[in-house]
Amino acid sequence: MSIALYRVDDRFIHGQVVVGWGQPLDASFIVLVDDAVRASEWEQDLYRMGVPPHMEVIFASIEEALRRLPEWEADRRVGILLTGDLDTMAKLADGSNRVGKVNIGGIHHRAGRSERLRYVYLTDAEAATLRAIAGRGVDVTAQDVPTARAVPVGEFT
Amino acid sequence: MSELRGVIVSHAALAQALVSAVTVITGVDGALLAVSNDGCDSGALAARITQAVGAGPAVLFVDLPGGSCLTGAVRLAKGKADLAVVTGVNLAMLLDFVFHRDATPAEAARRAADAGGKAIRVPAA
């Protein structure tokens, strides 16, 4: 089945991902792509705590993800790939040509960002990054949970 | 030993509802503080928890055994003897906690987990 959801969410693994998306998609594995988390066993243990035993969690650096994306896409199981920021997802999309859709699931407030949706705050540069990803033919939408409307990138950037 | 503070870290308004319920039932006010993860990235949630904990000592009660509330709480408590974390918060464990706050955070966390677990039953219909 491969990767059913490419999601940007600065909380990484949490309830919306494991339950909200994981249940309806019947996801069996999660790929968390982040260089810092990949380098920290302690952080990895922390994220594993939020995942039921039947769900595999794979931690990957950006470089590892680019190398292993074909393997995950060929997996017979359903998977979810997470990044914590837009730059990481942009690198995966640019470097692999395998990312057809990107889900913006949660980018929260910090200095310099303004509210675009209840769960999406972006700087102007981040909005431009999103438009650039979409401009390369990737379907970019914001949708925190499956029951919500998928908001097209043009409506929040 | 100073009395422990309890900080409930939850999704949405669950924490505040639990604080209100404990106050209504026990009449004890100020022993518990509520933190919601609404609208927070990890940094903002850490700031909220840090502010609620204050100078400590404290027990952090988290709603789920995984997710952003847990990661925020565990990151803050890592390596600190004056903080302990309990997951799966429920009303029963909080009612026990507010009357047993003269303990170390680790002791209070174990006692709360025990009280909360004992409250989960399946009564005969």
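Keep in mind the model is a prediction, meaning the values are calculated, not measured. Each chain gets a letter, A, B and so on, in the order the sequences are listed, and its residues count up from 1.
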Please report the interatomic distance CZ(A/Phe12) to OG(B/Ser42), rounded to the nearest 0.5 Å.
8.0 Å

Answer yes or no: does atom CD of B/Gln51 have more than 12 heavy-atom neighbours from other residues, nucleotides or ligands under 6.0 Å?
no

Nearest heavy-atom neighbours spanning B/Arg75 and A/Tyr47:
NH2-OH, 3.0 Å

Out of curiosity, does A/Leu66 fall in the hydrophobic cluster containing A/Phe29 (side-chain heavy atoms, cut-off under 4.5 Å, transitive links)?
yes

Do B/Leu64 and A/Val17 belong to the same hydrophobic cluster, where Ile, Leu, Val, Met, Phe, Trp and Tyr are linked whenever their side-chain heavy atoms lie under 4.5 Å apart, directly or via other members?
no

Relative to chain B, which of A/Glu43, A/His14, A/His109 shows the most heavy atom pairs under 4.5 Å?
A/Glu43

Any ion pair linking A/Arg11 and B/Asp41 (charged N to carboxylate O, less than 4.0 Å)?
no

Determine the option with the most heavy-atom pairs under 4.5 angstrom with chain A, choosing from B/Ala44, B/Cys40, B/Ser68.
B/Cys40

OG1-CG distance between B/Thr71 and A/Asp45, expressed to the nearest 0.5 angstrom:
13.0 Å

Is B/Phe97 reachable from B/Met93 through a run of hydrophobic residues whose side-chain heavy atoms are each under 4.5 Å from the next?
yes

Is A/Leu130 reachable from A/Val99 through a run of I, L, V, M, F, W or Y residues, each pair having side-chain heavy atoms under 4.5 Å apart?
yes

Please flag which part of A/Arg118 lies under 4.5 Å from any non-hydrogen atom of chain B: side chain, backbone, both or neither.
neither

Test of understanding: clusters of I, L, V, M, F, W, Y form through side-chain heavy atoms closer than 4.5 Å, transitively. Do A/Val120 and A/Val138 belong to the same one?
yes

What's the separation between atom NE2 in A/His108 and atom CG in B/Asp38, rounded to the nearest 0.5 Å?
8.5 Å

Select one option (side chain, backbone, both, neither) describing which atoms of A/Gln16 are under 4.5 Å from chain B's heavy atoms.
neither

Does atom NZ of B/Lys118 have more than 12 heavy-atom neighbours, drawn from other residues, nucleotides or ligands, at distances under 6.0 Å?
no

